[in-house]
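We use all heavy atoms of the structure for the numbers below, so side chains are in, but hydrogens, waters and symmetry mates are not. Predicted model only: the values in this text are computed from it and were never measured.
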Amino acid sequence: MKHTRIMAPVMALLLLTLSACSSGTPDDDMTATVIPPLSSSATIAPTTPPTSTAPPTTEPTAKPSTESAPTPSTADQVSEKNTTVQETPVSLAERPEFRPDDRVREEELISLHGYSIGMTFAETQQVWEIPKNMIDYAIGRWTPEAPNLYIYVGNMGYEFKPGPDAVADHFDNYILQHIYYGETIFCANREPLSVLRDIELGDRIEDTLKSLPGNRTPRRWTIDQLYGEYGKPNSASLEYITNLGFYELRIYCESSWIRLSFGSSGKLWIAEVFSI
């Protein structure tokens with residue numbers, strides 16, 4: 001009986017202790033970790049490898065070749081340097097004969113290579129063949145947006161425009177519409193090129209007027225009509241540009257005209273022939 005009385009309180013105390021343990025919560029600094037069984041379909045979140053672990057390697061990429069690819073040969077390879085000349089090549093032996101009292105004729109506006117306004121590019125090359133490097137330089141700077149072809153020959157220049165039957169990048173049927181005499185980057189010298197009759201670049205305006213009919217004294221008038229009707233075929237007029245202080249001499253023929261521009265010093269510095 002004595003043992004029974006002692007065991008009863010002990011058993012009761014044990015039951016209370018077990019009950020308290022089963023209903024308690026874990027401590028705040030402990031976290032329960034649930035590990036799914038191997039047969040479970042649950043996935044384990046990937047973990048970041050420790051710093052001592054080498055990162056996974058990627059597939060090596062091909063290194064670019066150090067050898068330069070061959071550049072296609074184009075006309076644009078010709079530069080200003082190898083288009084430059086020491087002296088403008090001239091093929092015209094002499095200009096047509098004239099008398100100072102005669103009005104300027106169409107054939108007198110011929111260029112120093114025998115070209116006339118209105119000739120096709122193919123026709124000009126039959127008269128005088130422009131050096132290939134000068135043509136290549138022009139073609140290298142031609143674009144469909146600016147289809148005119150500009151060819152420089154020393155202190156001269158030619159502008160060809162597409163003719164009505166011309167293919168955009170086929171230049172044989174291009175038509176000459178502009179002849180230029182004057183300073184360019186393709187010839188360092190300011191050459192006294194013959195532009196009309198015995199008139200040369202660098203001539204003074206008083207000497208220029210001696211080769212033409214009409215008034216021989218330059219006047220500072222807005223327009224001094226030398227002969228004919230202003231702006232009409234077979235006419236010539238001297239214009240004084242007041243705000244800039246220089247003269248322009250305009251001479252009109254049947255289908256082309258020439259403009260002689262004199263600097264403020266009174267010397268001829270640019271001459272240009274255009275189609276009408």
Side-chain angles (χ1 to χ4, degrees), residues 68-92 95 106-196 201 248 250-261 268-276:
S68 58
T71 303
S73 57
T74 62
D76 199 28
Q77 298 302 313
V78 180
S79 65
E80 287 87 353
K81 183 177 180 180
N82 45 30
T83 309
T84 299
V85 296
Q86 295 298 318
E87 185 178 354
T88 303
V90 174
S91 62
L92 189 68
R95 290 198 170 277
E106 192 85 42
E107 57 266 26
E108 294 184 66
L109 302 186
I110 188 173
S111 80
L112 292 178
H113 302 111
Y115 301 168
S116 298
I117 294 294
M119 295 177 69
T120 65
F121 180 77
E123 290 171 341
T124 61
Q125 298 313 286
Q126 293 176 359
V127 176
W128 183 76
E129 190 172 352
I130 299 174
K132 184 178 182 302
N133 63 323
M134 298 177 182
I135 297 176
D136 288 346
Y137 177 85
I139 293 176
R141 279 144 184 80
W142 175 92
T143 64
E145 295 75 22
N148 287 10
L149 188 68
Y150 299 87
I151 302 179
Y152 293 96
V153 184
N155 279 161
M156 291 189 63
Y158 294 105
E159 179 185 357
F160 294 85
K161 68 176 182 179
D165 301 325
V167 180
D169 57 350
H170 187 67
F171 305 108
D172 281 350
N173 291 330
Y174 273 44
I175 298 173
L176 179 60
Q177 71 165 7
H178 180 204
I179 302 171
Y180 170 87
Y181 303 84
E183 187 176 354
T184 69
I185 62 173
F186 302 94
C187 187
N189 302 322
R190 293 187 177 184
E191 300 175 280
L193 297 177
S194 172
V195 299
L196 173 68
L201 292 178
E248 277 193 357
R250 300 184 177 215
I251 304 172
Y252 290 86
C253 297
E254 292 296 331
S255 58
S256 59
W257 65 284
I258 184 170
R259 179 174 64 195
L260 308 179
S261 300
L268 178 61
W269 67 299
I270 288 177
E272 297 171 279
V273 184
F274 303 89
S275 61
I276 295 178

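Within the 4.5 Å cutoff, side-chain heavy atoms of Pro89 are placed close to those of Val153. Contact check for Leu112 versus Thr88: no side-chain heavy atoms found under the 4.5 Å cut-off. Residues Leu201 and Glu191 fail the side-chain proximity criterion, which asks for heavy atoms closer than 4.5 Å. Residues Cys187 and Tyr152 form no side-chain contact, since every pair of their non-hydrogen atoms from C-beta on lies 4.5 Å or further apart.
Residues Gly114 and Met119 approach most closely at O-SD, 4.1 Å, considering heavy atoms. When all heavy atoms are compared, the tightest approach of Val273 to Ser256 is CG1-CB, 4.5 Å. Taking every heavy atom of both residues into account, Ile117 and Ser275 meet most closely at CG2-CB, 3.4 Å. Scanning both residues, Leu268 and Ser261, for their nearest heavy atoms gives CD1-O, 3.4 Å. Between Asp172 and Thr120, the shortest heavy-atom distance links the atoms O-CB, 3.5 Å. Nearest heavy-atom pair, Ile135 versus Gln125, reported as atom, atom and distance to 0.1 Å: CD1-OE1, 3.9 Å.
Distance alone, capped at 3.5 Å, is enough to place a donor-acceptor pair between the Glu106 side chain and the Glu254 backbone. His113 contributes no side-chain N or O that, together with a main-chain N or O of Val127, makes up a donor-acceptor pair within less than 3.5 Å. Remark: the backbone N or O of Ile185 is not paired with any side-chain donor or acceptor of Glu80 at under 3.5 angstrom. Between the Arg95 side chain and the Ile110 main chain, a donor and an acceptor come within less than 3.5 Å of each other. Checked by atom type and distance alone, the side chain of Asn189 pairs as donor or acceptor with a backbone atom of Gln86 at under 3.5 Å. Judged purely by atom type and a 3.5 angstrom limit, Thr184 uses its side chain to pair as donor or acceptor with the backbone of Gly154. Distance alone, capped at 3.5 Å, places no donor-acceptor pair between the Asn155 side chain and the Leu193 backbone.
Atom CD of Glu87 has 12 or fewer neighbouring heavy atoms from other residues, nucleotides or ligands inside a 6.0 Å radius. Within a 6.0 Å sphere centred on CH2 of Trp128, heavy atoms belonging to other residues, nucleotides or ligands number more than 12. The environment of Phe186 atom CZ is dense: over 12 non-hydrogen atoms of other residues, nucleotides or ligands sit within 6.0 angstrom.
Donor-acceptor pairing under 3.5 Å is recorded for the side chains of Tyr150 and Glu159.
Rounded to the nearest 0.5 Å, atoms CG (Leu149) and NZ (Lys161) are 14.0 Å apart. Within the model, atoms CD of Gln177 and CZ of Phe274 stand 9.0 Å from one another, a figure rounded to the nearest 0.5 Å. Tyr181 contributes atom OH, which lies 13.5 Å from atom CD1 of Ile270 (distance to the nearest 0.5 angstrom). How far SG of Cys253 is from CD1 of Ile258: 8.5 Å, rounded to the nearest 0.5 Å.
Phe160 pairs with exactly one of Asn148, Ile151, Ile175 by the side chain to side chain contact (heavy atoms under 4.5 Å, CB included) rule, that one being Ile151.
Using a 30° and 60° split on the angle between ring planes, Phe171 and Trp142 fall in the perpendicular class, above 60°.
Separation of the Tyr158 and Tyr115 ring centroids falls under the 6.0 Å cut-off.
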